[in-house]
Amino acid sequence: MTIHETACAKINLDLRICQRREDGYHDLDSMVVFTDFGDRLSFSHDARLTFSIDGPFAKDLLHEPDNLVLKAARLLALSLGRSPDVHIVLNKRLPIASGIGGGSADAAAVLRGLVRLWNVPVTASDLALLAGDLGADVKVCLGSRPVRMTGIGDVLAPFDLPAPLPILLVNPGTPVATPAVFSGLRHMSGARVAEWRAGKSGDFQSYLMENQNDLETPALHAAPIIGEVLTAIGEETGCRLARMSGSGATCFGLFDNPQHLDRAKRRLKADHPDWWILDTVCR
Ligand code: C5P
């Protein structure tokens, strides 16, 4: 038997930092959505824990002796008092260290996939606790639904997107280390002033434009090419919002209609053949 899971990319449509905590982590306030596109994982029974990686970004992970996929499998097995006897294949389609939660989404997919493969009764709250031990963003990736994320990423309030949200993702190929971006943070805008209320807040894109990603400025210092990406997206016809996700370097564009998004994709691909450019839909 083989079980399949998709590890959808996590997009921070905005990301307001509230405060730095004593433990070094930051309280934040972020509207998070997930794309249809993601890494693909498969799980099948094996005598012991075995792992292989393929796909366009596999080579970027090969130097990591112990990535989050293996950690998640071991942690779940340990909590169940069993051996992690599974073969996992990761089809790595998302760029690594890129602000769209690829590693966290993979870890969450491992938790979901192994619960199914091993057919074990693990409650949602137990799974969320394990996710929290694997990283601040793993819990939100478990559900892969639109949420307003607060706390250090552990407090999740679901919201409804007014409609599926077409999005253009652009990554210039420069990995960005999250801790370095957080440590360069100088301005924190605090919790959002107005909550999004579907039907009452007007246009969702306008709502997002009233907010921002506080990590953009420190990420620009760490990787100035992010500025080039944001300008390139923002100059495209019909672009309503060009912004960075997470701690970067992936940026996204929201457009006034699907034709403009498609045109921007084709033009950016022609101008920047070495950038990773993808159009997908957030739900
Ligand atoms: O938990 P995770 O390993 O994904 O976090 C990576 C780094 O991001 C942390 O070491 C910390 O520097 C930073 N971080 C933070 N506040 C958060 C989430 C992450 O400062 N809420």
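If you're wondering where the values come from, they're calculated on a predicted model, not measured in any experiment. For ligands, and for the atoms within them, numbers begin at 1 and follow the listed sequence.
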Which protein non-hydrogen atom lies closest to [atom], naming both residue and atom, and how far is it?
atom                    : answer
atom 16 (N) of ligand 1 : His26 N, 2.9 Å
atom 6 (C) of ligand 1  : Thr178 CG2, 4.2 Å
atom 4 (O) of ligand 1  : Ala136 N, 3.7 Å
atom 13 (C) of ligand 1 : Phe182 CD1, 3.3 Å
atom 12 (O) of ligand 1 : Pro179 CA, 3.6 Å

Identified side chain to side chain contact (heavy atoms under 4.5 Å, CB included) partner of Ser79 from the options Val122, Leu130, Val120: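 Only match with Ser79 under side chain to side chain contact (heavy atoms under 4.5 Å, CB included): Leu130.
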So does Asp256 have more than 12 non-hydrogen atoms from other groups sitting under 6.0 Å from CG?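 More than 12 within 6.0 Å, yes.
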Count the heavy atoms belonging to other residues, nucleotides or ligands that lie under 6.0 Å from CZ of Arg40, then report whether that count exceeds 12.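 No, the 6.0 Å shell around CZ holds no more than 12 heavy atoms from other groups.
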Any idea which part of Tyr25 is under 4.0 Å from ligand 1, heavy-atom wise: side chain, backbone, both or neither?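 It is both backbone and side chain that touch ligand 1.
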At under 4.0 Å between heavy atoms, is it the side chain or the backbone of Asp27 that contacts ligand 1, or both, or neither?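 Looking at Asp27 and ligand 1, no heavy atom falls under 4.0 Å.
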Within-cut-off N or O pair, Gly151 and ligand 1, under 3.5 Å: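 N/O-N/O distance below 3.5 Å does not exist for this pair.
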At the 4.0 Å heavy-atom cut-off, does Gly24 count as touching ligand 1?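 Yes, Gly24 has a heavy atom closer than 4.0 Å to ligand 1.
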Asp137 touching ligand 1 at heavy-atom level, < 4.0 angstrom: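 The answer is no: ligand 1 sits nowhere under 4.0 Å from a heavy atom of Asp137.
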Over all atoms of both residues, closest heavy-atom pair of Ala128 and Lys139: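 Distance-wise, the nearest heavy atoms are CB-CE, 4.0 Å.
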Does a salt bridge link Asp60 with Lys92, judged by any charged N lying under 4.0 Å from a carboxylate O?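 Between Lys92 and Asp60 there is no salt bridge, as every charged N stays at least 4.0 Å from the carboxylate O atoms.
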List ligand 1 atoms under 4.0 Å from Leu28, heavy atoms only on the residue side.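 Ligand 1 atoms under the 4.0 Å threshold to Leu28: 21 (N).
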Please identify which atoms of ligand 1 are closer than 4.0 Å to at least one heavy atom of Gly135.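 What qualifies from ligand 1 is 1 (O).
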Side-chain donor-acceptor pair present, Arg186, Thr217, cut-off under 3.5 Å: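 Note: Arg186 and Thr217 side chains miss the donor-acceptor criterion.
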Would you please test Gln205 and Leu241 for side chain to side chain contact (heavy atoms under 4.5 Å, CB included) and show each step? CA-CA 8 Å; Gln205 288 187 359; Leu241 180 65; 6.0 Å; no
Pair Phe43 and His87, ring centroids less than 6.0 Å apart: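 No; His87 has its ring centre 6.0 Å or more from that of Phe43.
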